[in-house]
Each structure stands twice: as structure tokens, then as C-alpha cells.
**Student:** 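Starting off with a structure, shown below.
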Protein chains: 2
Amino acid sequence: MAKAQADRIVHKAAWLYYTHGLRQDEVAQRLNISRASVALYLRRARESGIVTIATATYLFRGEQLSREVEDRFGLEAVWIAGEDLAADDEEAEIPPLAASVFLEMVGRGQRVGIAWGRTVYAIADVMSFADLEGVTVVQLCGNLGAPYSYRPDQCTMEIARRLNARGLNFYAPLVLSTPDLADALRDEPVIHEQLDSVSGCDLSLYSVGTLDEDSHVVKCGALTTSELAQLKTQGAAGVIAGQVIDRNGLLLDCDYNRRVISADLESLKAIPRRLLVVQEESKLEPLRAALAGGFCSHLVATATIARDLLAGD
Amino acid sequence: MAKAQADRIVHKAAWLYYTHGLRQDEVAQRLNISRASVALYLRRARESGIVTIATATYLFRGEQLSREVEDRFGLEAVWIAGEDLAADDEEAEIPPLAASVFLEMVGRGQRVGIAWGRTVYAIADVMSFADLEGVTVVQLCGNLGAPYSYRPDQCTMEIARRLNARGLNFYAPLVLSTPDLADALRDEPVIHEQLDSVSGCDLSLYSVGTLDEDSHVVKCGALTTSELAQLKTQGAAGVIAGQVIDRNGLLLDCDYNRRVISADLESLKAIPRRLLVVQEESKLEPLRAALAGGFCSHLVATATIARDLLAGD
DNA sequence: GCATTTCTTTGACATTTGCCAATCGATGTG
DNA sequence: CACATCGATTGGCAAATGTCAAAGAAATGC
């Protein structure tokens, strides 16, 4: 109640300032507080999502390049960052752009799935707060320790927090030591339920992982370097929600995949809008695999990757 | 193209300023323009919907009063303006609140129906610009001259313009001199099509009209004073999209209604979300009729009206 | 091809806003 | 009950922003 009461004055200040266009001193006068308080309240209103300031992203789609990628790969929408910037800036532009695009795509009452990776972490980090209602955020892959601030479950919860949404976590590790144990765990009602709930998602947000020495799955300890080499000989081309896929986007038939607990690839493909975000140029091959597998309906990427995609096709 | 080029720099400035949080002088430096230009561009970005600043409306629903109205009349959501303001201020608060609520409710790709009246006109007037995609705005009633700035068709187009949407106008007068002529006109393919498209709406926005001497329908010349008196003896209780309803919200069986060209009441009721906005206290009885008839799923009203509603029920 | 109009840009100034250190006030603690 | 602690609030100042008149550029008309 005390919380609600405090929110009330913040909201009122925001309403008078942003909706009615009063100046801060006028707002202060009306509410009988100092102008400094008004300034403080307004900042809180912005930070907490009571006030939302969004910049349209459609201009990132207006370029020739985005159209070409859309057409070539049959995607619904493609956003290209920094067509006139250096490659470094380009990559830095991806997280805020992806966060804006994602916020534009989420609607009230929807269920969204979040996979995890360096990119998704970066997106969560810059995502602004929103005051959505009835949104549920579902974690799409099992957990593992991370060298970054967020683990998969924390990442999901962080996004949920920023969307004012309910977060559904996944209480299982991403990789187990034996396929049998993974099978057994998948049959646990609580896990099973979570896995089933994936197909009910309206929207998903993920990136695609590489299979390099310094790739995410290796650095987080899900795969050892020797397993990696082995997988590559078997045709591994990328990682989607912790699972290894081949160049055609099909689940690689390998021991590793059998030990993973994550959203079923078919369920992922069944999600109507699948927002894939690719930041690094090194992710070209995994991205091709993900596109081939139908894991992407909406793409956010750099101009460099977009050009690479079109060039090598 | 020149337009798109100009948009581009405005968008870039907005992106750097609002999304990246640079200061105006930093933006100016990056884009090689003067800071004054940046300030100008930012204003344009806000005014044109490239940048959207929205204040949450849910705090207008957090009060006891809204809950009570929701429960009593089985509505999905009720927003109450100015529970702690004088009655005058209350009414002034309705248009910006309704505009904000409406903008929160509209989603991409949706079809929205707009009826017309003093209230809807006031809402259109304060509605901010948005950068929605694929929205269609449908005019729900026929046209008539207005003592205000907007006629029904202009009002529809104005809202369409602000939503960056397509506007579907209705090319018929609201009231004709004989029922036969109205019937004939309704059978015209172009009109028929428009009328049919109403049931495909996802959302509607309207107010309810009174049947007083100075009511909207009278002042605009749709009804004469004598017709009005006649209708009142027949049990007329209010006006929805130009049509007269009785206290139970049913279409009044009268000559006037047979001469009106407007969206069928059944189609209106079939729209999943029906946002009704009531500004003046004098609209209590019409509002009751509209509620009884099921024309409202979401309500925006003043605290005074809300209390009246609960008191007399 | 020149004059006229209209739109854009800019420098300079006035106003508004953000921020910090100081103060106030509530709540908990020895 | 005095004291400490923590968060909320405020006055004042530096920084950032909005605005306007004037200059410049582009489009339009004669």
C-alpha cells in the first residue's frame, strides 16, 4: 500500500508532465512538492516503465539490404543495424535495436520464450522497462553456470522483470552426464510441463551459437573442447537453445544432444514469430543453419552479416 | 524519397538521443549539424510518432471505484479520471486519458471502428501520433455536418493519420429523409461492404449520446426538436453510433432509426473490445442504456459518473 | 533568369532541467 | 531516550534544452 501510494504521486507527476505537457515547476506547484522532487519522480517513472519512451525501428527496415534478405530467405521482417557505420559500431548497435524490436513485438497477454546466450544477455541488459499486462516469459533451455552476470534463469527473470511479466523458470541443468538421466528428468512432470508450454508461445527471442573454441557452450562448460571437435566432424553447424544443429538446421544425432534438456526444436519452429538476433560476423554459418531449419521469422543483424549472407548464397 | 531522406536524419537523431542517451550536442556533432537542428528534429520525431512517449494508464484502474464498476457491470476494465479532483477538472481529464487507453489497446494489424461525437472528436484532438503498422480505421456511422472542426469522416481520417493507419470512410449521410431511400442506399455495394466490415473490427471507440435539447444529434441537425420529444415518449434513452436505443439498450422501433445509415447494433456488440468513453455527468442515463445493451466492455469515465452509476443501481 | 515565396538551418539567448550536497524525517537500536 | 541509519526531500547552481529572429537554400512563379 505504501508502495502504491508512492507510485501514485510518481504517476501523477508523469501524467501532468508528459501527457498534459506542464513544466516541472507547474507540476511541482500542483502537487505541492519541490521541483527537484518532480525531476526525481519523472526519472523514476521513466526507469520503472510508468512512462515509456520508444523510438520506432521501422527505419532500420527501409533499406535495400533488409528487403533483399527478406526476399531471399522468406522472412517476415529484417532489421539491419548500421549500414553506414564501421563494423565495431555495428555490433554495438545490435542489442539496443533488438531490445526495441522485441518490445515492439511483445503484446499484452502474450507468452514469450527466451533462450540464452551472450547476445540475449546483452539485449536483456539494455532493454527498457515496460508496463505490459498478462505477459509470461518462458525459459527455453536448461540452466548452466555463466561467466557473465546472468545465468539462463536469471536472464529470463530479468526480462520478465523489465516487462512487468511473470517468469517461468526451468529447473534443470542444460546438459546432464548421461542420456538416461536426461530422459528421466524430461519425464518429470514439472519439467515436462515447462517443455510443453513452449509450443504455446506467441513469440521467441534467441540468438544462434557458434561451435568454436571460444564459443558460448564451451566457455560455459556445456561442451569440452574434445567433444566439440568430435561434433564438428559429425557436421555440427550451430547451436540453437543449447542444441547442436547441422547445416540444414536439423538436430544432430549425437550423444551431446541426447543429454541436453531444452525446448524441443519442433516446438521452437512452431512458435509463430521467432526473433533471431545475430551480432557477430563469426556467426554466419550457424545463422545459415538456423535459417535453413526455419528457426527464424524475424531477423536482427548487422549490415556485414546481411551482405555476407547474400554474397555466399 | 526526399521525404524518406529527411526522415532518416530525424530518425537517426532520435535514435541516438532517446535510445542511446546521447546529449543534443553530442548528436549534433555525430551528425554534423547544429544543436538547434537536433532540437528541431527531436521535436518532429515526437510529433510524428517516430518517437512515442506514453504514460501508463493502469494507475487509473487501481482504485476501489473502478473495481466496483467492473464487478457490478461485468466489464473487462474501467478507468476512472480524477478521483480527487473537482468535477470540472475531471471532465477535462477524460480525452487525454481515453486517448492513452485507446493507444494502449490498439495493436498492429488490427481493425478499429470509430463512431463519432463531441467526445470522440476531443479524443482525436489530443491523441498523440503512433507508428503502428497495418492498422485500419473504420468509420462506424454515416456523415453529417458538424459545428465542430471534424465531421465523422474527418474524425476517422484524423485518427487514422495519427495512428499511421489506413482510413475507411463511409460515403453516406447519417440520416436520410425516408426509410426507403435509406434501405436503397444500404443495399449499394460500396455501403454494404463498409457495413459488413464492421463486424471484423477488433476494437471500437465511441461515446454514447444524450437526447436533450442541446444534444449532439440535435445540434448537428440529425434530429429536430419535435422528433426528439416524440422519441422520448417512445422510450428513447440514448444514442449509439447515431442510432436511438431504449433503456435496455435495444434499437428503438421508430421512423428515425429506419432512416439512419450506420453500423448495425449487432455488429457493434460483436466487436470483441468496445471502448466506451463518457465525459459529461448528464450522460448517466444513456450510459446505463449502453451498458444494458452490451455496447461496452471497457469504460473510461469520471469519478462522478462512476459514483452515480453505482449509487442508482 | 530574376524575384518571390517557402522551407531549413543556425547562432545566441532565455528558460528549463538534472544533479548534488545539505537537510529533514521516519524507523530501528543500544 | 538519545543516537545512528537510511531514505525522501529540497535549495541552488551548472548544464542541457527550447526558441526565435536572422541568414541561407531550395522551390516556385512570372
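The chains referred to below are lettered A, B, ... by the order of the sequence lines, with proteins before strands, and numbering in each begins at 1. Being a predicted model, the structure only gives us computed values, none of them experimental.
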**Student:** For A:Glu26 and C:dT17, give me the distance from atom CD to atom P, rounded to whole Å.
**Tutor:** 9 Å
**Student:** Is the base of D:dG18 touched by the side chain of B:Arg35 through a donor-acceptor pair closer than 3.5 angstrom?
**Tutor:** yes
**Student:** Would you mind reading off the distance between B:Arg23 atom CZ and D:dA15 atom P, rounded to a whole angstrom?
**Tutor:** 10 Å
**Student:** Report yes if some heavy atom in the side chain of B:Ser204 is under 4.5 Å from a heavy atom in the side chain of B:Leu140; otherwise report no.
**Tutor:** yes
**Student:** Whole angstroms only, please: what is the CD1-P distance between A:Ile33 and C:dT17?
**Tutor:** 14 Å
**Student:** Within the pair A:Tyr17 and C:dT17, is there a side-chain N or O less than 4.0 Å away from OP1 or OP2?
**Tutor:** yes
**Student:** Check the distance between C:dT9's C1' and B:Ile9's CD1 and give it to me in whole angstrom.
**Tutor:** 12 Å
**Student:** By the 4.0 Å heavy-atom rule, please label A:Leu42 as base, sugar-phosphate, or nothing.
**Tutor:** nothing
**Student:** For B:Tyr41 and C:dT9, is the shortest distance between a side-chain N/O and OP1 or OP2 below 4.0 Å?
**Tutor:** yes
**Student:** When you check the phosphate oxygens OP1 and OP2 of D:dA15, does a side-chain N or O of B:Gln24 lie under 4.0 Å from one of them?
**Tutor:** no
**Student:** Using whole Å, report how far CD of A:Glu47 lies from P of C:dG18.
**Tutor:** 12 Å
**Student:** Whether B:Arg162 and B:Glu158 form a salt bridge (side-chain N of Lys/Arg under 4.0 Å from carboxylate O of Asp/Glu) is what I want to check.
**Tutor:** yes
**Student:** Could you tell me whether B:Glu68 and B:Arg72 make a salt bridge, using a distance below 4.0 angstrom between a side-chain N and a carboxylate O?
**Tutor:** no
**Student:** Specify the separation, in whole Å, of atom CG of A:Asp25 and atom C1' of D:dT10.
**Tutor:** 15 Å
**Student:** For C:dT8 and B:Arg44 - does any side-chain N or O of the residue sit under 4.0 Å from the phosphate oxygens OP1/OP2?
**Tutor:** yes
**Student:** Respond yes when some side-chain nitrogen or oxygen of B:Ser37 is under 4.0 Å from OP1 or OP2 of C:dT10, and no when none is.
**Tutor:** yes
**Student:** At under 4.0 Å between heavy atoms, what does A:Arg43 touch on the DNA or RNA strands: base, sugar-phosphate, or nothing?
**Tutor:** sugar-phosphate
**Student:** Write down the distance between CG (B:Leu16) and C1' (D:dA16), rounded to a whole number of angstrom.
**Tutor:** 17 Å
**Student:** Please report the distance, rounded to the nearest Å, between CG in A:Leu40 and C1' in C:dC20.
**Tutor:** 12 Å
**Student:** Determine to 10° how strongly the helix from C:dG1-D:dC30 to C:dG30-D:dC1 is bent, judged from the axes of its five-pair ends.
**Tutor:** 20°
**Student:** Please work out which of the three classes, parallel, tilted or perpendicular, describes the rings of A:Trp79 and A:His298, given edges at 30° and 60°.
**Tutor:** parallel
**Student:** Sequence neighbours left out, what passes salt bridge (charged side-chain N to carboxylate O under 4.0 Å, His left out) with A:Asp25? Give chain and number order.
**Tutor:** A:Arg23
**Student:** Does some side-chain heavy atom of A:Thr302 sit less than 4.5 Å from a side-chain heavy atom of A:Ile94?
**Tutor:** yes
